[in-house]
**Q** 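Before I ask anything, here is the structure I am working with.
Here the structure is a predicted model, which is why all the values come from computation and not from measurement. Index from 1, following the sequence. Whatever order the structure lists ligands and atoms in, that order sets their numbers, starting from 1.
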Amino acid sequence: MNPSTAHSLGQSAPATEFEKNLDRLAAVAVHAGLGLAPGQELLMTAPLEALPLVRRITEHAYKAGATLVTTFFADDESALLRYRHGSDASFDAAPAWFFEGIAMAYRSGVARLAITGNDPSLLSKEDPEKVSRANRAQSKAYRPALELITRHEINWTIIGCSTPAWAASVFPNLPSEQAVAQLWDAIFKASRVDQPDPVAAWKKHDSWLHERCNLLNQKSYSALHFRGPGTDLRVGLSDGHCWLGGGSAARNGRYGIPNLPTEEVFTIPHKDRVEGKVTSTKPLSYQGTMIEEISVQFQAGKIVKAQASRGEQVLQRMIETDDGARRLGEVALVPHSSPIAASGLLFMNTLFDENAACHIALGQAYSACLKDGENLTPEQLAARGANSSLIHVDWMIGSNHIDVDGINAAGVSEPLMRAGEWV
Ligand code: ZN
Ligand code: ZN
């Protein structure tokens with residue numbers, strides 16, 4: 001049983017510790033993550049099992065002055081029925097009308113909250129060809145809305161919700177009820193909900209991340225060099241890049257933290273200036289399939305060779321999505337001592353795992369990582385080295401065996417991280 005349904009909203013019963021934590025997570029999402037404004041609408045997406053959390057968030061949002069909260073629920077079992085009974089044409093279909101509606105909501109300033117909790121290997125037994133076609137159709141239909149997110153037009157955030165399927169992947173040897181409870185504990189800890197004043201804790205952590213960004217911005221490196229087992233990678237950075245991390249103000253003026261949790265500082269690689277070999281340090285859950293031990297070779301920014309010990313076919317199809325899918329859109333630094341890494345858990349969910357280790361992302365770049373990037377045309381962005389793609393897939397390349405150097409404009413290296421920790 002899922003504690004989130006077991007303890008749902010007993011109105012007269014005293015609140016359990018779990019209910020208090022759930023409520024604090026909702027408060028953190030609305031106040032620290034979204035920075036929801038009075039008079040603003042909220043659009044939420046969630047797995048069905050997240051209903052108790054959705055209700056807590058809805059309450060906090062209305063109390064914060066939201067004019068309207070609209071939630072769309074998704075169901076893993078229904079998603080699988082498409083693979084069981086859908087016609088061949090089904091796998092090239094996507095609800096473009098739905099994503100147009102979402103883009104329209106963003107254009108009118110609606111805040112966006114995503115709750116993640118899906119089964120990390122939901123589609124791993126399905127035909128990779130069908131999975132890839134369905135993903136492609138979905139990415140294409142979602143693109144106009146995604147662009148508004150990557151340009152940071154509105155305040156948005158993502159949080160986690162423990163569900164039986166996800167918890168079973170993280171704790172395969174525990175009974176379901178216990179697994180769900182343990183994953184909740186890990187989410188609460190990673191989301192700083194276990195601290196006396198979680199919103200204040202996020203403000204403090206946020207300013208630490210900003211300090212780190214300021215330091216890296218002053219350095220203005222031309223490249224980063226990652227070295228470790230199976231990795232010797234030089235990532236050229238875009239001209240006029242800037243480092244981002246923690247919270248920032250969206251173009252609608254609202255200040256929020258777009259990922260809860262977040263431990264990373266990240267910037268924009270130059271799409272043509274990545275050279276060398278890199279090996280993943282954690283498995284990647286890519287839209288319902290696990291990809292393990294990824295190893296790729298870059299030449300002039302482009303992947304020329306890609307392998308994986310598991311899910312290689314899915315990896316190959318992913319990088320064949322378009323030209324930009326073979327190039328980097330993000331490079332991020334996370335110390336090995338981050339609370340999420342310290343938990344020692346593999347969450348099999350990017351929101352958590354990417355905050356446990358240094359990572360890179362194939363595909364779409366965040367133009368906010370370029371000075372004045374939000375005002376550039378697609379051609380100007382490309383000229384500055386910003387990558388463009390239908391996909392944006394983060395995967396982990398950091399560990400306590402990885403060293404990172406910053407290389408300045410004169411070509412001189414200086415140590416940034418040693419054995420996974422900031423120097
Ligand atoms: Zn990242
Ligand atoms: Zn990313």
**Q** Return the name of the atom in Glu330, of element N, O or S, nearest to the Zn ion (ligand 2).
**A**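 For Glu330, the N, O or S atom at the smallest distance from the Zn ion (ligand 2) is OE1.
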**Q** Side chains of Asn252 and Asn155: do they bring a donor and an acceptor to under 3.5 Å?
**A**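 Yes, because at least one side-chain N or O of Asn252 sits under 3.5 Å from a partner of the opposite role on Asn155.
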**Q** Looking at Val278, is its backbone amide N or carbonyl O close enough to the side chain of Thr231 to form a donor-acceptor pair, meaning the two atoms are under 3.5 Å apart?
**A**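 Side chain of Thr231 to backbone of Val278, a donor-acceptor pair under 3.5 Å: no, none is there.
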**Q** With respect to the Zn ion (ligand 2), please indicate if His392 possesses an N, O or S atom at a distance under 2.8 Å.
**A**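 Yes, since at least one N, O or S atom of His392 sits under 2.8 Å from the Zn ion (ligand 2).
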**Q** Specify which N/O/S atom of Glu264 comes nearest to the Zn ion (ligand 1), by atom name.
**A**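 This turns out to be OE1.
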**Q** Between Ser309 and Glu293, is any side-chain donor less than 3.5 angstrom from a side-chain acceptor?
**A**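 A pair is found: one side chain offers a donor N or O, the other an acceptor, under 3.5 Å apart.
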**Q** Do other residues, nucleotides or ligands put more than 12 heavy atoms under 6.0 Å from the CD atom of Gln299?
**A**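 No, because the 6.0 Å sphere around CD of Gln299 holds 12 heavy atoms or fewer from other groups.
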**Q** Would you name the N/O/S atom of Asp394 that lies closest to the Zn ion (ligand 2)?
**A**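 Result: OD1.
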**Q** Could you verify whether a donor N or O on one side chain and an acceptor N or O on the other, from Asn217 and Asn214, lie under 3.5 Å apart?
**A**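 Judged by distance alone, the side chains do not pair up.
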**Q** I'd like the atom name of the N/O/S atom in Glu354 lying closest to the Zn ion (ligand 1).
**A**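 Nearest N/O/S atom of Glu354: OE1.
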